[in-house]
Student: 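Below you will find the structure I want to go over with you.
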Amino acid sequence: MPPLETGKLSQKLLHWFAEEQRDLPWRKTSNPYFIWVSEVMLQQTQVQTVIPYYLRFIDRFPTVDSLAVADLNDVLKIWEGLGYYARARNLQKAAKIVSTELNSQVPEDYSGFRTLPGVGDYIAAAVQSIAFGRPIATVDGNVKRVLSRLFRINQPVNLTTAKNHFVEVAAEILDVKKPGDFNQAMMELGALICKPSIPVCDQCPVSTFCQAFEYKKTADFPKRNKRKQVPTYQIAVGVVLKNDRMLITLRKPEGLLGGLWEFPGGKTEEGESSEQACLREIKEETNLDIRVERSLAMIKHAYTHFKIVMEVFICQHVSGRVRLNGPVDHRWISFEQIKKYPFPKANHKVFSLLGSHLASERKIPVSE
Ligand code: SF4
């Protein structure tokens with residue numbers, strides 16, 4: 001990195017940030033717990049999506065203690081639809097530690113805070129710099145893109161081993177007197193001006209420092225390694241009806257979608273039809289013998305590292321009592337009770353179809 005007048009860069013960037021920053025609810029508080037919640041939610045998620053979730057979350061759990069003692073089901077219900085549910089589970093685990101072992105005070109030092117569940121390098125740097133003014137640079141996707149262009153960095157932004165290089169560059173230009181504002185300004189610049197496809201260089205406050213702009217190479221940065229193709233899994237699930245109730249099961253608290261409720265089912269094996277997979281999976285997971293009545297829906301959903309194509313069947317309970325193998329709990333519920341339980345987004349896509357089906361069949365009373 002060539003020598004740079006970091007003071008001038010910071011001055012221009014901070015002036016722009018003061019004038020142009022978006023009006024976001026977590027920027028109106030100095031409460032470290034609120035800032036922590038917002039940063040956890042903002043990982044992997046768009047700002048506009050996060051705003052209503054953030055407001056509902058801090059309204060429902062206004063203190064670290066209230067989050068610590070909450071039922072996990074309630075925490076996941078508020079988080080429902082935001083995805084990456086391990087974030088919510090870890091946030092609550094960390095809140096329990098803060099509440100019971102740290103006198104309800106969010107640690108004011110990087111290394112102490114970094115040891116809490118779910119707190120990685122980024123969250124630790126963001127919360128410590130924004131809430132406590134610690135001089136630690138944050139590096140997220142937006143910041144990497146800005147740095148790549150400012151300094152024509154050839155290392156791919158999606159290469160894990162390049163992360164240290166970006167952290168070092170970010171630390172070199174950090175304004176240690178105003179680290180929280182500087183970090184937020186860099187992220188804001190990436191979000192509003194130095195956009196992924198076409199940067200708005202004529203409105204950029206730091207264009208005079210930008211090498212990619214100077215050499216007309218903005219389209220060549222950031223460098224990125226080609227992504228691997230993500231696999232697609234075929235999934236079969238059953239809405240098992242018995243009298244006026246349907247069966248839902250609870251996933252283990254850890255792992256993907258941990259702690260969420262779902263309709264039982266699983267991956268289709270090679271040579272197996274979706275219907276056969278539905279019968280087999282439900283027998284394996286719940287011990288129930290069922291009859292598949294009809295296919296209700298075919299749902300496509302993309303996760304970070306894979307995609308699913310999920311066929312949902314309407315099934316009737318034939319015989320057997322629930323004995324769980326895999327799921328950790330179950331309920332027989334009415335359609336209206338679905339709202340009380342946190343479900344994965346892919347299941348949500350089924351609800352309206354299911355409501356119409358049940359109303360037309362009059363198998364379960366449905367009020368909406
Ligand atoms: S001049 Fe353009 S490419 Fe450079 S940092 Fe600003 S917006 Fe990004």
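Whatever order the structure lists ligands and atoms in, that order sets their numbers, starting from 1.
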Student: Would the W26 and Y54 ring centres measure less than 6.0 Å apart?
Tutor: yes
Student: Using the ring of each side chain (for Trp, its six-membered ring), is Y341 parallel, tilted or perpendicular to W261, with breaks at 30° and 60°?
Tutor: perpendicular
Student: Starting from atom 6 (Fe) of ligand 1, locate the nearest protein heavy atom and write down its residue, its atom name and how far away it is, to 0.1 Å.
Tutor: C204 SG, 2.4 Å
Student: For T218, take its heavy atoms, then give the atoms of ligand 1 lying under 4.0 Å from any of them.
Tutor: 3 (S)
Student: Name the closest protein heavy atom to atom 2 (Fe) of ligand 1, giving the residue it belongs to and the distance to 0.1 Å.
Tutor: C201 SG, 2.3 Å
Student: Less than 6.0 angstrom separating the ring centers of H301 and Y303, yes or no?
Tutor: yes
Student: At less than 2.8 Å, would any N/O/S atom of C194, backbone or side chain, sit next to atom 6 (Fe) of ligand 1?
Tutor: no
Student: By number and element, which atoms of ligand 1 are closer than 4.0 Å to a non-hydrogen atom of R149?
Tutor: 3 (S)
Student: Measure from atom 4 (Fe) of ligand 1 to each N, O or S atom of C210 and report whether any distance is below 2.8 Å.
Tutor: yes
Student: Counting only heavy atoms closer than 4.0 Å, does ligand 1 sit against the backbone of A212, its side chain, both, or neither?
Tutor: neither
Student: Give the atoms of ligand 1, by number and element, whose distance to some non-hydrogen atom of F213 is under 4.0 Å.
Tutor: 1 (S)
Student: Restricting to non-hydrogen atoms, name the atom on Y122 and the atom on T138 that form the minimum distance, rounded to 0.1 Å.
Tutor: CE1-CB, 3.8 Å
Student: Parallel, tilted or perpendicular: which fits the ring planes of H348 and F351, with parallel below 30° and perpendicular above 60°?
Tutor: tilted
Student: I'd like to check which ligand 1 atoms, numbered from 1 as shown, lie under 4.0 Å from a non-hydrogen atom of S207.
Tutor: 1 (S)
Student: Between the side chains of R291 and H317, is a donor N or O closer than 3.5 angstrom to an acceptor N or O?
Tutor: no
Student: Which residue is it: S10, S129, P135? I am looking for the one with a side chain to side chain contact (heavy atoms under 4.5 Å, CB included) to V176.
Tutor: P135
